[in-house]
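Step one of this worksheet: look at the structure below.
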Amino acid sequence: SILVRKLEGVDIRLQENKVTNIRLAAEKINGIIIKPGETFSFWKTVGKTTEKEGYVEGLVIKRGGKLGADIGGGLCQMANMIHWLVLNSPLEVTELHHHSDALFPDERRRVPFGTGTSVLNNYVDYRFKNTTDQNVQIAVWIENGELCGELRSEKAYPFRYKLVEENHRFRKENGKFYRISKVYRIVIKRENNSEIKKELILDNHSLVMYDYSLIPSEQIRDD
């Protein structure tokens with residue numbers, strides 16, 4: 001995922017500082033092994049995100065969907081990366097907090113809208129459990145301005161996964177615009193590439209918080 005994006009109304013300094021924060025968190029997460037039956041906790045792994053630990057002021061989402069700045073801000077992107085890896089595996093998410101609003105327009109988006117997660121130190125965690133019979137390992141690193149990640153297993157799982165977003169559009173309701181779509185996870189049998197399951201994992205109905213003029217007109221529908 002791209003680390004520094006030009007976002008309408010957001011100080012670029014906060015985006016650049018986010019890279020520092022993500023790099024520090026990556027040092028704690030990279031290489032961690034989760035054994036069968038164990039639960040990964042984002043904050044238990046990352047620890048304190050204070051100035052003493054080297055963290056700087058980055059972008060955060062405060063109550064009511066308002067944007068602000070705080071020490072250690074920007075780590076939601078790291079949690080998003082880990083969640084994306086888990087969604088593409090048989091591991092079980094045990095704590096997840098979706099962003100409820102559409103805060104920014106798409107800027108080189110590579111994954112379906114809404115598949116991220118919020119994290120807030122000491123209050124809002126992201127956790128998953130290794131419900132399989134083998135060790136898994138998380139690898140995360142920064143390369144060429146991007147946050148990269150891998151989820152590794154000791155042997156191949158019998159299934160692979162694909163996430164798709166369907167019926168995406170913007171709709172005006174009582175004078176406000178909402179971003180609407182459904183995100184499905186498709187389970188594919190690896191040995192013959194057959195689809196065996198399609199499950200709804202997210203039903204988006206998110207209030208648009210940015211300038212309405214940035215909404216593509218061809219994506220506005222009343223249905």
Side-chain angles (χ1 to χ4, degrees), residues 1-3 5 7 22 26 29 32 34 39-42 61 74-119 124-132 134 136-141 143 146-153 155-171 178-208 215-216 218-219 221 223:
S1 62
I2 298 164
L3 284 167
R5 298 186 296 159
L7 300 172
I22 286 179
I29 297 170
I32 189 171
I34 302 95
T39 295
F40 168 90
S41 162
F42 185 85
I61 302 169
L75 292 186
C76 281
Q77 187 168 353
M78 176 63 82
N80 290 346
M81 169 63 75
I82 296 172
H83 181 49
W84 178 255
L85 298 175
V86 171
L87 285 175
N88 283 276
S89 80
L91 305 176
E92 180 185 339
V93 176
T94 57
E95 183 174 352
L96 171 68
H97 304 270
H98 282 296
H99 294 295
S100 58
D101 299 322
L103 299 171
F104 308 110
D106 288 345
E107 169 68 20
R108 295 176 288 177
R109 177 182 296 279
R110 296 179 178 177
V111 302
F113 170 74
T115 51
T117 180
S118 296
V119 287
V124 177
D125 200 2
Y126 173 77
R127 298 191 296 169
F128 69 84
K129 185 176 182 179
N130 182 358
T131 52
T132 75
Q134 59 175 305
V136 295
Q137 182 184 53
I138 298 173
V140 285
W141 69 96
E143 182 178 337
E146 295 182 329
L147 173 62
C148 305
E150 291 179 352
L151 183 66
R152 300 167 176 171
S153 59
K155 58 183 182 293
Y157 289 114
F159 305 103
R160 62 183 181 88
Y161 305 83
K162 181 170 68 174
L163 277 81
V164 295
E165 184 178 20
E166 297 183 359
N167 201 21
H168 174 267
R169 75 271 193 201
F170 292 86
R171 185 169 68 200
Y178 289 82
R179 187 167 185 166
I180 298 170
S181 68
K182 294 182 185 294
V183 178
Y184 295 88
R185 187 171 80 152
I186 300 172
V187 183
I188 302 169
K189 198 168 185 177
R190 194 178 294 275
E191 66 176 5
N192 58 13
N193 210 35
S194 61
E195 296 185 4
I196 63 169
K197 187 178 181 181
K198 181 179 180 180
E199 56 185 341
L200 178 67
I201 63 169
L202 191 61
D203 192 353
N204 285 312
H205 186 266
S206 303
L207 179 64
V208 175
I215 300 175
E218 68 275 11
Q219 295 182 18
R221 292 171 19 209
D223 58 324

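Atoms considered below: every heavy atom in the structure, side chains included; atoms not considered: hydrogens, waters and symmetry mates.
- Aromatic ring pairs are classed by plane angle as parallel below 30°, tilted from 30° to 60° and perpendicular above 60°; the pair Phe128 and Tyr126 is tilted.
- Atom-to-atom distance recorded for Lys198:NZ and Lys162:NZ is 9.5 Å, nearest 0.5 angstrom.
- Between Phe42 and Leu75, the shortest heavy-atom contact is CZ-O, 3.8 Å.
- Using a 4.5 Å cut-off on side-chain heavy atoms (C-beta onward), Tyr161 and Val187 make contact.
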Exercise. Before giving the answer on side-chain contact (heavy atoms from CB on, under 4.5 Å), spell out for Thr117 and Val93 the whole-Å C-alpha distance, their side-chain angles and the decisive distance to 0.1 Å.
Key: CA-CA 11 Å; Thr117 180; Val93 176; over 6 Å; no
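- Atom-to-atom distance recorded for Leu3:CG and Met78:CE is 8.5 Å, nearest 0.5 angstrom.
- Atom OH of Tyr184 and atom CG of Leu200 lie 5.0 Å apart (nearest 0.5 Å).
- Summarising the geometry, atom CZ belonging to Arg171 is positioned 15.0 Å from atom CD belonging to Gln219; distances are rounded to the nearest 0.5 Å.
- Surrounding NZ of Lys197 are at most 12 heavy atoms belonging to other residues, nucleotides or ligands under 6.0 Å away.
- The main-chain N or O of Ala139 is never found under 3.5 Å from a side-chain atom of Glu150 such that the two would form a donor-acceptor pair.
- With Leu87 as reference, Ile201 is the one residue of Ile201, Leu202, Ile82 to meet the side chain to side chain contact (heavy atoms under 4.5 Å, CB included) rule.
- Scanning all heavy atoms of the two residues, the minimum distance from Val124 to Glu95 falls at C-OE2, 4.4 Å.
- The line from CD of Gln137 to CD1 of Ile34 is 8.0 Å long, rounded to the nearest 0.5 Å.
- Atom OG1 of Thr132 is separated from atom CD of Glu92 by 11.5 Å, given to the nearest 0.5 angstrom.
- Between the side chains of Ser181 and Glu165, a donor-acceptor pair is found at a separation under 3.5 Å.
- Put simply, the side chain of Val136 does not reach to within 4.5 Å of the side chain of Phe40, judged on heavy atoms.
- Between the side chain of Asn80 and the backbone N or O of Trp84, no donor-acceptor pair lies under 3.5 Å.
- Between Arg185 and Val86 the shortest heavy-atom distance is NH1-O, 4.2 Å.
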Practice problem: Check the pair Asn204 / Arg179 against side-chain contact (heavy atoms from CB on, under 4.5 Å), numbers first and verdict last. | Solution: CA-CA 7 Å; Asn204 285 312; Arg179 187 167 185 166; over 6 Å; no
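- When Glu191, Arg190, Lys189 are each tested for a side chain to side chain contact (heavy atoms under 4.5 Å, CB included) with Phe159, only one passes: Lys189.
- Residues forming a side chain to side chain contact (heavy atoms under 4.5 Å, CB included) with Leu85 (at least two apart in sequence, or on another chain): Met81, Leu151.
- Contact detail for Asp125 and Ser41: the closest heavy-atom pair is OD2-OG, 2.6 Å.
- Here the closest heavy-atom approach between residue Leu96 and residue His98 is recorded as CD2-NE2, 3.5 Å.
- Using a cut-off of 4.0 Å between Lys/Arg side-chain N and Asp/Glu carboxylate O, Glu166 and Lys182 are scored as not salt-bridged.
- Across Ser118 and Cys76, no two heavy atoms sit closer than the pair CA-SG, 3.9 Å.
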Self-check item: Derivation and outcome, side-chain contact (heavy atoms from CB on, under 4.5 Å), residues Ile180 and Asn167
Solution: CA-CA 8 Å; Ile180 298 170; Asn167 201 21; over 6 Å; no
